[in-house]
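What you see below is based on every heavy atom in this structure, not just the backbone, and it leaves out hydrogens, waters and symmetry mates.
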Amino acid sequence: MTPATTTEPTPGWQLAQSNVARMRWPLDDPRMAGFTERLDHLNALAEASPGFVWRYETPDDDTTEAEVFGEGTLFNLSVWASVAALEAYVYRSDHLEAVRRRGDWFARATQPPLVLWWVRAGARPTVHEARERFECLWRDGPTAAAFNFRQRFPAPADAARVTAC
């Protein structure tokens, strides 16, 4: 399948995204303050962004989940109306400064730290599903089941064509 260049919303579908980052130090270390002091603002900014749908939180209202990929790894999971909506938040908002400074707080990734995939509108992906999508991306490279900003794939033409890992 040829990667798509379209980023517009597709009726019946939404974009799931997950990213991981290996922290250089524990969250409560003063060297992580530049990151932790931004978290509430960035989460609020995401929730107020056009096209934001949902983000994963633990039962304790935590916006990060350290247990998905082991201690010291931050994880997040969200759903957006389209690739364009997510891309606008990531690269054309205050979030960009955190992207630029990620090396201050996180180790350089040895595998892609972001995975995207399509979900039916209204679906809420699970932590387990996000992990599976990362594993697909890391094993197979970008496909319709697990892709990234550089190699995008369109939403399925119909529900019978949902691509699983």
Side-chain angles (χ1 to χ4, degrees), residues 7 9 13-29 31-139 142 145-153 155 165:
T7 58
W13 297 96
Q14 294 173 326
L15 183 76
Q17 83 77 34
S18 185
N19 65 70
V20 294
R22 186 97 178 128
M23 295 183 295
R24 291 183 178 274
W25 305 280
L27 271 178
D28 60 358
D29 188 293
R31 293 170 288 189
M32 291 295 288
F35 172 73
T36 57
E37 290 168 357
R38 286 177 164 79
L39 273 177
D40 288 342
H41 170 69
L42 294 176
N43 287 330
L45 180 63
E47 291 176 358
S49 293
F52 173 84
V53 176
W54 169 87
R55 73 181 164 92
Y56 170 81
E57 293 181 278
T58 66
D60 298 326
D61 295 326
D62 190 359
T63 59
T64 59
E65 177 65 55
E67 301 304 314
V68 177
F69 288 97
E71 191 64 33
T73 302
L74 291 185
F75 162 86
N76 78 45
L77 172 62
S78 60
V79 175
W80 295 78
S82 66
V83 174
L86 174 60
E87 194 171 46
Y89 166 70
V90 172
Y91 297 114
R92 291 186 294 284
S93 75
D94 286 350
H95 184 271
L96 181 58
E97 181 62 22
V99 171
R100 288 181 176 145
R101 293 197 53 205
R102 68 183 171 257
D104 294 351
W105 312 301
F106 302 102
R108 185 170 186 83
T110 58
Q111 297 175 302
L114 171 84
V115 65
L116 308 172
W117 72 99
W118 294 103
V119 296
R120 289 185 181 95
R124 299 298 176 254
T126 65
V127 169
H128 178 73
E129 183 180 2
R131 184 177 178 95
E132 286 178 346
R133 298 296 172 147
F134 270 114
E135 290 169 355
C136 286
L137 178 65
W138 295 339
R139 180 186 65 238
F147 54 98
N148 56 31
F149 282 131
R150 287 189 185 125
Q151 291 184 274
R152 302 168 186 194
F153 289 80
C165 291

Enquirer: Please check if the side chain of R131 supplies one atom and the backbone of H128 the other of a donor-acceptor pair under 3.5 Å.
Expert: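 A pair under 3.5 Å: no.
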Enquirer: Of all heavy-atom pairs between L42 and H95, which one has the smallest distance, and what is that distance?
Expert: CD2-CA, 3.7 Å
Enquirer: Would you say the side chain of V83 lies within less than 4.5 Å of the side chain of W118, judging by non-hydrogen atoms?
Expert: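 The answer is yes, as the side chains (C-beta and beyond) meet within the 4.5 Å cut-off.
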Enquirer: Distance from H41 atom NE2 to D94 atom CG, nearest 0.5 Å?
Expert: 4.0 Å
Enquirer: Do L27 and F35 come close enough that some side-chain heavy atom pair is under 4.5 Å?
Expert: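 Of all side-chain heavy-atom pairs linking F35 with L27, at least one is under 4.5 Å.
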Enquirer: Looking at side-chain heavy atoms only, is the closest gap between L114 and S18 below 4.5 Å?
Expert: no
Enquirer: To the nearest 0.5 angstrom, please state how far the CZ atom of R120 sits from the CH2 atom of W13.
Expert: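 Reported to 0.5 Å precision, the distance equals 5.0 Å.
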Enquirer: Would you sort out whether E135 and R133 count as a salt bridge (charged side-chain N to carboxylate O under 4.0 Å, His left out), showing the intermediate values?
Expert: CA-CA 5 Å; E135 290 169 355; R133 298 296 172 147; over 6 Å; no
Enquirer: Using the test side chain to side chain donor-acceptor pair (under 3.5 Å), find all partners of S49 that sit at least two apart in sequence or belong to another chain.
Expert: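 Counting only residues at least two positions away or on another chain, S49 forms no side chain to side chain donor-acceptor pair (under 3.5 Å).
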Enquirer: Just wondering, are more than 12 heavy atoms of other shown residues or ligands nearer than 6.0 Å to CZ in R92?
Expert: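 Buried by this count: over 12 neighbours within 6.0 Å.
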Enquirer: Passes salt bridge (charged side-chain N to carboxylate O under 4.0 Å, His left out), E87 versus R152? Steps please.
Expert: CA-CA 12 Å; E87 194 171 46; R152 302 168 186 194; 2.4 Å; yes
Enquirer: Does any part of the side chain of T126, heavy atoms only, come nearer than 4.5 Å to the side chain of Y56, both counted from C-beta?
Expert: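 Sidechains of T126 and Y56: no contact.
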Enquirer: May I ask you to test the V79-F52 pair for a side-chain heavy-atom distance under 4.5 Å?
Expert: no
Enquirer: Work out which heavy atom in P112 is nearest to a heavy atom in L137; give both atom names and the distance.
Expert: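 Between these two residues, the closest heavy atoms are CB-CD2, 3.7 Å.
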Enquirer: Is a donor on one side and an acceptor on the other found under 3.5 Å between the side chain of N43 and the backbone of L39?
Expert: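 Pair found, side chain donor or acceptor close to backbone of L39.
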Enquirer: Does Q14 use its side chain to pair, donor to acceptor, with the backbone of V53 at less than 3.5 Å?
Expert: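 Flag not set: sc Q14 to bb V53 has no pair under 3.5 Å.
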Enquirer: Do you know the tightest heavy-atom contact between V20 and T73?
Expert: CB-CG2, 4.1 Å
Enquirer: Is there a side-chain contact between V115 and F147 (heavy atoms, below 4.5 Å)?
Expert: no
Enquirer: Hey, what do you get for CG (N76) to CD (E57), rounding to the nearest 0.5 Å?
Expert: 11.0 Å
Enquirer: What's the shortest heavy-atom distance between W105 and R31, and which atoms?
Expert: CD1-O, 3.4 Å
Enquirer: Passes side-chain contact (heavy atoms from CB on, under 4.5 Å), R38 versus R101? Steps please.
Expert: CA-CA 12 Å; R38 286 177 164 79; R101 293 197 53 205; 3.4 Å; yes
Enquirer: Taking the six-membered ring for Trp, are W138 and F134 parallel (under 30°), tilted (30 to 60°) or perpendicular (over 60°)?
Expert: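 Taking F134 first and then W138, their aromatic rings sit tilted (interplane angle of 30° to 60°).
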Enquirer: Filter on disulfide (SG to SG under 2.5 Å), then keep only pairs touching residues 76-136, sequence neighbours left out; what's left?
Expert: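 Checked against disulfide (SG to SG under 2.5 Å) - neighbours excluded - the pairs reaching residues 76-136 are C136-C165.
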Enquirer: Can V90 and L96 be said to form a side-chain contact (heavy atoms from CB on, under 4.5 Å), step by step?
Expert: CA-CA 6 Å; V90 172; L96 181 58; over 6 Å; no
Enquirer: Once rounded to the nearest 0.5 Å, what's the spacing between atom CG of L116 and atom CZ of F153?
Expert: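 Going from the CG atom of L116 to the CZ atom of F153 covers 11.0 Å.
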Enquirer: Show, in sequence, the C-alpha distance, side-chain angles and deciding distance for W117 and E129, and conclude whether the side chain to side chain donor-acceptor pair (under 3.5 Å) test is met.
Expert: CA-CA 10 Å; W117 72 99; E129 183 180 2; 3.0 Å; yes
Enquirer: Got a sec, which residues hit salt bridge (Lys or Arg N to Asp or Glu O under 4.0 Å) with E97, two or more places apart in sequence or on another chain?
Expert: none
Enquirer: Roughly how far, to the nearest 0.5 Å, is the CG atom of L77 from the CZ atom of R124?
Expert: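 Between atom CZ of R124 and atom CG of L77 there are 10.5 Å.
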Enquirer: Within the side chain of Y89, is there an N or O that forms a donor-acceptor pair under 3.5 Å with the backbone of W80?
Expert: no
Enquirer: State, with a plain yes or no, whether a side-chain heavy atom of F106 is found less than 4.5 Å away from one of M23.
Expert: yes
Enquirer: Okay, side chain of R24, backbone of G103: is any donor-acceptor separation there less than 3.5 Å?
Expert: yes
